[in-house]
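First up is the structure itself, then whatever we jot down about it.
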2 protein chains.
Amino acid sequence: MVTKFNIAERLALRLKEARKSKGLNLEALSNLSGVSRSMLSQIERGESSPTVATLWNLTRALQVDFAGLLDEGDTEGTIKEIMRASRTPSIDSQGEGCQIHILSPPDQAGMLEVYEITFSANGKLISEPHRQGCVEHMSVLEGTLKVIAGDEEAELFMGDTIRYAADCPHSIHANASPAKALLLVYNS
Amino acid sequence: MVTKFNIAERLALRLKEARKSKGLNLEALSNLSGVSRSMLSQIERGESSPTVATLWNLTRALQVDFAGLLDEGDTEGTIKEIMRASRTPSIDSQGEGCQIHILSPPDQAGMLEVYEITFSANGKLISEPHRQGCVEHMSVLEGTLKVIAGDEEAELFMGDTIRYAADCPHSIHANASPAKALLLVYNS
DNA sequence: TTAAGTATTCCATTATATTGGATTAATATC
DNA sequence: GATATTAATCCAATATAATGGAATACTTAA
């Protein structure tokens, strides 16, 4: 996974894939994105490493997420990918006493990210505002959790589900016992 | 060349923040990332829009996520909805020994559905092919599960995640012990 | 205040990303 | 087959990203 290798190539594949899946040709994409045909051609052949500016325009035009563009990929077949527990990306920090597993597929993202969050007793996850219009959707799998979003808060029990705007400071708190939650983050 | 300004500035802030939070100066980061001090300086002042190559090196050096770099965020938000466990829509049939809870919010229906599936011992969920291009994404929350999709099959343990085409007959099987899974259905 | 040390910015140079138009390749239509 | 049409690549010109070292700003110490 430590692919330092030729990110230009990976990008190339992703972008070309995205373009074709939308049935666009170079010129059409050029018009949509404001990036020249020539540049697109070079980028798609890995002969150029675009600037963030152009890359940004491309992601907007193709409606793909910036994030997924550089992550590992997959191809065809029925079973596309198996990600073993040990290799599931996880985050430890950002809060105290909580461990976050990223369940959502790396590429398809943009729209949605899925996390499984395991809280130890009194654990908490404090989040900065996400992007405008972002909505989080949390289901309590085990235990009890308190959600604070903006200036509101709510107590949730096992099986409960809450939906709240996440474009403001928000946090999730466990009480004296451990808990587990499923978190869906919809990016607009 | 329209949006160049905004994105460069957002990036600038994020990167500078990240660098300082790690207590690095430009030279230190330069050594870590292989990007020259001067370039770093320009980038952090929004005077340059780095190429993906250099940006990639920076994200690696700073251990920040590529995704988060371009997020924006602020404004207000509130809790939209709380759905108590007792009222969470559920399905019992369709398989034997499995109970399905629909977690996805109503407005997202069609594009994406999210289910929490609880299998009792030897429970199974057998599904007809969905729409063309449909992809399912399953994470094992508890226990062990076997997935059969088309003519392939895979054994999955707690924490594992699998992604497979669902436009063919597919099924999920628990073994002698109960299990729990999270299922995302993308209708692309 | 001066001086010494460090961190950042400026500047000239080089490398390369980006563009518009010309060239080639691919695809269809007669 | 030839021709028209469209799509992708090549090529020269330009803009700008990237670099290394010099100059400036910014601290800290005496």
Side-chain angles (χ1 to χ4, degrees), chain A residues 3-70 73 75, chain B residues 1-70:
Chain A
T3 42
K4 171 179 185 162
F5 325 94
N6 220 348
I7 79 171
E9 288 216 342
R10 260 170 34 212
L11 209 94
L13 293 175
R14 290 304 175 82
L15 287 176
K16 190 163 193 172
E17 213 172 89
R19 174 172 66 86
K20 295 215 161 166
S21 82
K22 287 215 180 315
L24 296 172
N25 60 29
L26 290 181
E27 184 165 17
L29 180 55
S30 175
N31 290 331
L32 275 175
S33 63
V35 178
S36 70
R37 294 169 292 280
S38 325
M39 188 77 268
L40 292 177
S41 177
Q42 290 186 48
I43 293 175
E44 286 191 355
R45 282 177 300 146
E47 290 184 359
S48 179
S49 153
T51 65
V52 280
T54 65
L55 187 55
W56 175 255
N57 290 333
L58 285 180
T59 58
R60 305 263 309 175
L62 288 170
Q63 301 179 311
V64 295
D65 188 16
F66 209 87
L69 278 178
L70 294 184
T75 43
Chain B
M1 51 173 68
V2 188
T3 55
K4 172 181 166 183
F5 189 74
N6 284 333
I7 171 157
E9 285 223 336
R10 287 219 309 265
L11 209 91
L13 292 175
R14 290 304 172 88
L15 286 176
K16 190 165 194 172
E17 219 171 83
R19 175 172 65 85
K20 294 215 161 165
S21 81
K22 288 214 178 311
L24 297 172
N25 60 29
L26 290 181
E27 185 165 15
L29 179 55
S30 175
N31 291 332
L32 276 175
S33 62
V35 179
S36 69
R37 294 168 290 277
S38 323
M39 188 77 270
L40 291 176
S41 176
Q42 288 186 48
I43 293 174
E44 286 190 355
R45 281 175 302 144
E47 291 184 359
S48 178
S49 155
T51 64
V52 280
T54 64
L55 186 55
W56 176 256
N57 290 333
L58 285 179
T59 57
R60 305 255 313 170
L62 289 170
Q63 299 179 312
V64 296
D65 187 13
F66 206 88
L69 279 179
L70 295 184

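FYI, side chains are in, hydrogens and waters are out, and symmetry mates aren't considered; it's all heavy atoms of this structure. Please read all numbers here as calculations on a predicted model, not as lab measurements.
Contact annotation: the side chain of A:L55 never approaches that of B:L55 to less than 4.5 Å [non-hydrogen atoms, C-beta and beyond]. Annotation: side chain of A:L40 is not in contact with side chain of A:L15 (no heavy-atom distance under 4.5 Å).
Among residues two or more places apart in sequence or in another chain, the side chain to side chain donor-acceptor pair (under 3.5 Å) test is passed with A:E44 by A:R19. By the side-chain contact (heavy atoms from CB on, under 4.5 Å) test, A:A12 pairs with no residue at all, sequence neighbours left out. Every residue meeting the side-chain contact (heavy atoms from CB on, under 4.5 Å) condition with A:T54, not counting sequence neighbours, appears here in chain and number order: A:V35, A:P50, A:T51. Here A:S41 pairs with A:R45 under the side chain to side chain donor-acceptor pair (under 3.5 Å) rule; sequence neighbours left out.
Separating the OG atom in A:S49 from the CG atom in A:L11 is a distance of 8.0 Å, to the nearest 0.5 Å. Going from atom CG of B:L58 over to atom CZ of B:R14 covers 15.0 Å, rounded to the nearest 0.5 Å. Atom-to-atom distance recorded for A:L26:CG and A:K16:NZ is 8.0 Å, nearest 0.5 angstrom. For the atom pair CD of B:E47 and CD of B:E9, the computed distance is 10.0 Å after rounding to the nearest 0.5 Å.
Rounded to whole Å, atom P of D:dT16 lies 16 Å from atom CD1 of B:I43. The separation between B:L55 atom CG and D:dA18 atom C1' is 14 Å, rounded to whole Å. We find that CD of A:Q42 is positioned 10 Å from P of D:dT9, with the value rounded to whole Å. What separates CG of B:L26 from C1' of D:dA25 is a distance of 13 Å, to the nearest Å. A straight line from CD of A:E27 to C1' of D:dT6 spans 9 Å, rounded to a whole angstrom. Regarding B:L58, its CG atom lies at a distance of 14 Å from the P atom of D:dA17, rounded to whole Å. Atom-to-atom, CE of A:M39 to P of D:dT14 comes out at 18 Å; the value is rounded to the nearest Å. Counting to the nearest Å, the P atom of D:dA18 and the CD atom of B:E47 are 13 Å from each other.
Axis angle between the ends of the helix from C:dT1-D:dA30 to C:dC30-D:dG1, five pairs each and rounded to 10 degrees, works out to 30°.
The side chain to side chain donor-acceptor pair (under 3.5 Å) contacts involving residues 27-37 of chain B comprise nothing, where partners must be two or more places apart or lie in separate chains.
Looking at residues 29-38 of chain B, you'll see B:S38 sit with a heavy atom under 4.0 Å from some atom of DNA chain C.
Nucleotides of DNA chain C lying under 4.0 Å from heavy atoms of chain B occupy a range whose first and last members, 5' to 3', are C:dA7 to C:dA17.
Using a 4.0 Å heavy-atom cutoff across all strands shown, B:S41 reaches at least one base atom of the nucleic acid.
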